[in-house]
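Written out below as structure tokens is the structure these notes cover.
Computed from a predicted structure; not experimentally measured.
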Amino acid sequence: MCTYGMVTYKVHYVCVPCRQSHKLPWDGAEHLCTHCRRPMLFAGHDFAAPRKSKDREWAAVAAVLGAGLRYEGFEPCGCGQEPKYRPRTSAQVRARRRIAARKGLTDAEALALRDPADAWR
């Protein structure tokens with residue numbers, strides 16, 4: 001048995017309008033933002049919050065979470081996989097959305113592409 005299978009990991013929850021993130025236990029409960037009291041979004045195990053002043057990076061976070069993607073790459077036992085690619089800036093989001101419009105991809109498929117050229121293959 002894997003040693004990580006016995007540990008309960010905390011996950012990241014995000015309030016995009018307030019630009020706050022918290023690591024809380026994943027218990028299925030609704031977690032509210034400490035600032036605005038709105039429900040926070042589940043961002044996954046591998047989320048790294050940008051600084052509050054980074055508008056373009058928070059726009060990318062909003063687009064990724066809005067498309068239904070999470071910042072994951074974490075096996076349930078904790079001993080596998082690298083984190084999956086997610087765009088870091090709004091320019092990267094725009095480039096992937098243009099590709100999605102041309103190729104007929106969904107937002108989630110386009111935002112998960114590491115390199116936009118991958119859509120042409």
Side-chain angles (χ1 to χ4, degrees):
M1 170 166 254
C2 179
T3 57
Y4 294 107
M6 303 303 227
V7 178
T8 303
Y9 291 94
K10 291 184 178 180
V11 294
H12 296 271
Y13 288 89
V14 176
C15 180
V16 176
C18 297
R19 296 182 179 185
Q20 290 192 3
S21 70
H22 301 285
K23 282 184 86 171
L24 301 166
W26 188 59
D27 52 8
E30 181 178 69
H31 296 282
L32 301 177
C33 175
T34 57
H35 187 258
C36 68
R37 307 303 297 164
R38 286 186 254 181
M40 297 179 81
L41 300 173
F42 172 63
H45 291 90
D46 296 321
F47 178 71
R51 293 182 180 266
K52 286 187 178 186
S53 60
K54 302 287 187 179
D55 296 335
R56 293 176 181 165
E57 292 179 14
W58 277 102
V61 169
V64 167
L65 295 177
L69 296 174
R70 303 291 173 255
Y71 293 85
E72 292 288 356
F74 187 80
E75 289 288 330
C77 70
C79 59
Q81 285 192 8
E82 292 290 319
K84 293 182 176 40
Y85 174 80
R86 298 295 179 251
R88 302 278 302 163
T89 63
S90 56
Q92 292 172 341
V93 170
R94 283 192 308 271
R96 281 155 180 78
R97 284 186 172 161
R98 281 193 300 267
I99 297 288
R102 288 184 206 144
K103 296 295 288 180
L105 301 172
T106 65
D107 260 0
E109 291 170 336
L111 292 174
L113 293 173
R114 180 171 295 280
D115 183 10
D118 291 343
W120 301 108
R121 294 178 187 160

Check Met40 against Ser21 and note the closest heavy-atom contact, atom names and distance. CE-CA, 4.4 Å
Rounded to the nearest 0.5 Å, the NZ atom of Lys23 sits from the NE2 atom of His45 at a distance of 9.0 Å
Heavy-atom pair of closest approach, residues Ala43 and Leu65: CA-CD2, 4.0 Å
Kindly give the heavy-atom pair with the smallest separation between Thr34 and Gln20, and that separation in Å. OG1-OE1, 3.1 Å
Drop me the distance from Arg86's CZ to Leu113's CG, to the nearest 0.5 angstrom. 10.5 Å
Close side-chain approach of Pro17 and Arg38, heavy atoms under 4.5 Å: yes
Only one of Val61, Asp55, Val14 forms a side chain to side chain contact (heavy atoms under 4.5 Å, CB included) with Arg19, so which one is it? Asp55
Is there a donor-acceptor pair closer than 3.5 Å between any side-chain N or O of Arg94 and the backbone N or O of Thr89? no
Linking I/L/V/M/F/W/Y whenever their side-chain heavy atoms sit closer than 4.5 Å, directly or via other members, would Val11 and Leu41 fall into one cluster? no
If you look at every heavy atom in Ala63 and Leu111, which pair is closest and at what distance? O-CD1, 3.7 Å
Roughly how far, to the nearest 0.5 Å, is CZ of Arg37 from SG of Cys18? 11.0 Å
Taking the six-membered ring for Trp, are Phe47 and Tyr71 parallel (under 30°), tilted (30 to 60°) or perpendicular (over 60°)? perpendicular
Could you tell me which non-hydrogen atom of Gly44 sits nearest to which non-hydrogen atom of Glu72, and how far apart they are? CA-OE2, 3.1 Å
Which pair of non-hydrogen atoms, one from Trp58 and one from Lys52, has the smallest distance, and what is that distance? NE1-CA, 3.9 Å
